[in-house]
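Structure first, then comments.
These values consider heavy atoms only, across backbone and side chains, with no hydrogens, waters or symmetry-generated copies.
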Amino acid sequence: MDNHSATETSPFLSLFAALSYGIASMAMVFINKAILMQYSHSMTLLTLQQLATALLIHFGRQMGYTKARGVDMQTAKRLLPVSLFYNANVAFALASLKGVNIPMYIAIKRLTPLAVLIAGLSSGKGKPTAQVTLSVLLTAAGVLIAALGDFSFDLFGYSMAFTSVFFQTMYLVLVERSGAESELSSVEIMFYNSFLSLPFLMFLIIATGEFPYSLSLLFAKSNSLSFLVILILSLVMGIVLNYTMFLCTIVNSALTTTIVGVLKGVGSTMVSENLIQ
């Protein structure tokens, strides 16, 4: 896990970053499903994942396994919006699930590529190819058609989901910009995001009423070997997912990351149906 250099902009690295993020994201869907069936406190899980990420990178730097630089307050202040948008996305996504069914939630989140495309054009970035633009517009059109057929329309749920799309767009655009302007590696951005997220997440698990019951339940379930294996796998894959997401965004673009996310959703659906059959 090193600082990326100019050589990392090769087509091979770009493809590797996109594929890694897609595979990690798809795997995380099933791992989260497995852990949440036994332990439903999602915000506490996210907090543990971010804590594990920050500690792993910190000790990796201390032991010389990574060349990531130490904490710099100016960099932390500059990356604070990334962390705020990241956690706001999570909070609004969870709130939207209270009023929107899962298929419609997934459909609405597929508007993120369109939002990233618009944000990129607004900031003066180069215009994407006609094929990419057309695929993004077709995806957005499909979401609108699906919304028109949703008879269980919930204004609050939809509002939360669209707000989540906005925050996800903003943090991906900021990650892309931070990597390009500050020459920060994906590991460094991931560390700052995890480190800065912890106070916000601690507030959320207290505000939502998860704490302290979620911790007492976690200790009670730690006697189960199968639960511990799934929990550790969830923590590890949470780190891998964040790393590959930031890597894909820095090496490729925010738009590429969101498109890979859409393809991941299609792949997850296909795998789920095959498992059920």
Side-chain angles (χ1 to χ4, degrees), residues 20-60 82-102 105-106 109 157 160-161 163-164 167-168 171-172 175 187 189-246 261 264-265 268 271-272:
S20 297
Y21 171 61
I23 293 170
S25 185
M26 192 184 304
M28 197 63 185
V29 171
F30 298 99
I31 292 171
N32 277 339
K33 180 68 174 178
I35 188 70
L36 289 173
M37 286 175 66
Q38 299 188 52
Y39 185 78
S40 61
H41 300 289
S42 56
M43 292 307 303
T44 301
L45 272 176
L46 179 60
T47 305
L48 290 174
Q49 287 174 354
Q50 297 290 22
L51 179 61
T53 300
L55 289 175
L56 178 67
I57 297 174
H58 172 71
F59 288 117
V82 174
S83 180
L84 290 176
F85 285 134
Y86 175 89
N87 289 287
N89 166 51
V90 172
F92 278 94
L94 290 173
S96 71
L97 286 171
K98 295 179 181 178
V100 178
N101 58 58
I102 292 177
Y105 167 78
I106 294 173
K109 292 292 280 186
M160 295 297 101
T163 306
S164 173
F167 283 123
Q168 184 178 8
Y171 89 74
L172 285 174
V175 166
V187 174
I189 293 179
M190 184 170 65
F191 173 75
Y192 278 106
N193 181 64
S194 299
F195 176 73
L196 295 171
S197 292
L198 287 173
F200 184 75
L201 290 172
M202 288 298 294
F203 168 78
L204 275 182
I205 62 174
I206 294 173
T208 56
E210 285 195 10
F211 183 85
Y213 176 71
S214 59
L215 285 185
S216 60
L217 181 62
L218 186 67
F219 286 125
K221 283 185 168 289
S222 62
N223 293 324
S224 169
L225 179 60
S226 61
F227 174 77
L228 282 177
V229 169
I230 297 174
L231 176 64
I232 293 171
L233 187 59
S234 173
L235 296 179
V236 171
M237 283 306 301
I239 296 171
V240 173
L241 177 61
N242 280 331
Y243 173 72
T244 54
M245 180 189 68
F246 289 133
K264 174 267 299 182
S268 299
V271 172
S272 297

Exercise for the section: To the nearest 0.5 angstrom, please state how far the CD1 atom of Ile35 sits from the CG atom of Leu233. Expected result: 9.0 Å
Practice task
Identify the two heavy atoms, one from Val240 and one from Ala24, that lie closest to each other, and give their separation to 0.1 Å.
Solution key: CG1-CB, 4.0 Å
Problem - Which atom of Ser214 lies closest to which atom of His41, heavy atoms considered - result: CB-CG, 3.6 Å
Practice task
Check Phe227 against Ser222 and note the closest heavy-atom contact, atom names and distance.
Solution key: CD2-N, 4.4 Å
Exercise for the section: First locate atom CG of Leu36, then atom CD of Gln38, and finally report the distance between them rounded to the nearest 0.5 Å. Expected result: 10.0 Å
Handout entry: Heavy-atom side-chain contact between Leu231 and Leu45 under 4.5 Å
Key = yes
Problem - Gap between atom CE of Met245 and atom OG of Ser20 - 0.5 Å precision - result: 14.0 Å
Practice task
Rounded to the nearest 0.5 Å, what's the gap from CG on Leu48 to OG1 on Thr53? Could you check?
Solution key: 10.5 Å
Fill in the blank from the handout: Nearest heavy-atom approach of Asn32 to Ser234 is OD1-OG, 4.0 Å
Exercise for the section: Quick one: list whatever passes ring-ring contact (aromatic ring centres under 6.0 Å, His included) with Tyr86, sequence neighbours left out. Expected result: Tyr171
Fill in the blank from the handout: Taken in chain and number order and not counting sequence neighbours, the residues that satisfy side chain to side chain contact (heavy atoms under 4.5 Å, CB included) with Ile205 are Met43, Thr44, Thr47, Met202, Glu210, Phe211
Fill in the blank from the handout: In this structure, CD1 of Ile23 is separated from CG of Leu241 (nearest 0.5 Å) by 12.5 Å
Fill in the blank from the handout: Closest non-hydrogen contact found for Gly157 with Ser96 is O-CB, 3.4 Å
Could you pull out all donor-acceptor pairs under 3.5 Å where a side-chain atom in residues 190-200 meets a protein atom, sequence neighbours excluded?
from	atom 1	to	atom 2	distance (Å)
Tyr192	OH	Gly70	O	3.3
Tyr192	OH	Asp72	N	2.8
Ser194	OG	Gln50	OE1	2.8
Ser194	OG	Met190	O	3.0
Ser197	OG	Ser83	OG	3.1
Ser197	OG	Asn87	ND2	2.8
Ser197	OG	Asn193	O	2.5

Exercise for the section: Please answer whether the main-chain N or O of Gly22 pairs with a side-chain N or O of Ser25 as donor and acceptor at a distance below 3.5 Å. Expected result: no
Handout entry: Inter-residue atom distance Leu51.CG - Leu56.CG, 0.5 Å rounding
Key = 11.0 Å
Practice task
Check whether any side-chain heavy atom of Asn89 lies under 4.5 Å from a side-chain heavy atom of Lys109, and answer yes or no.
Solution key: yes
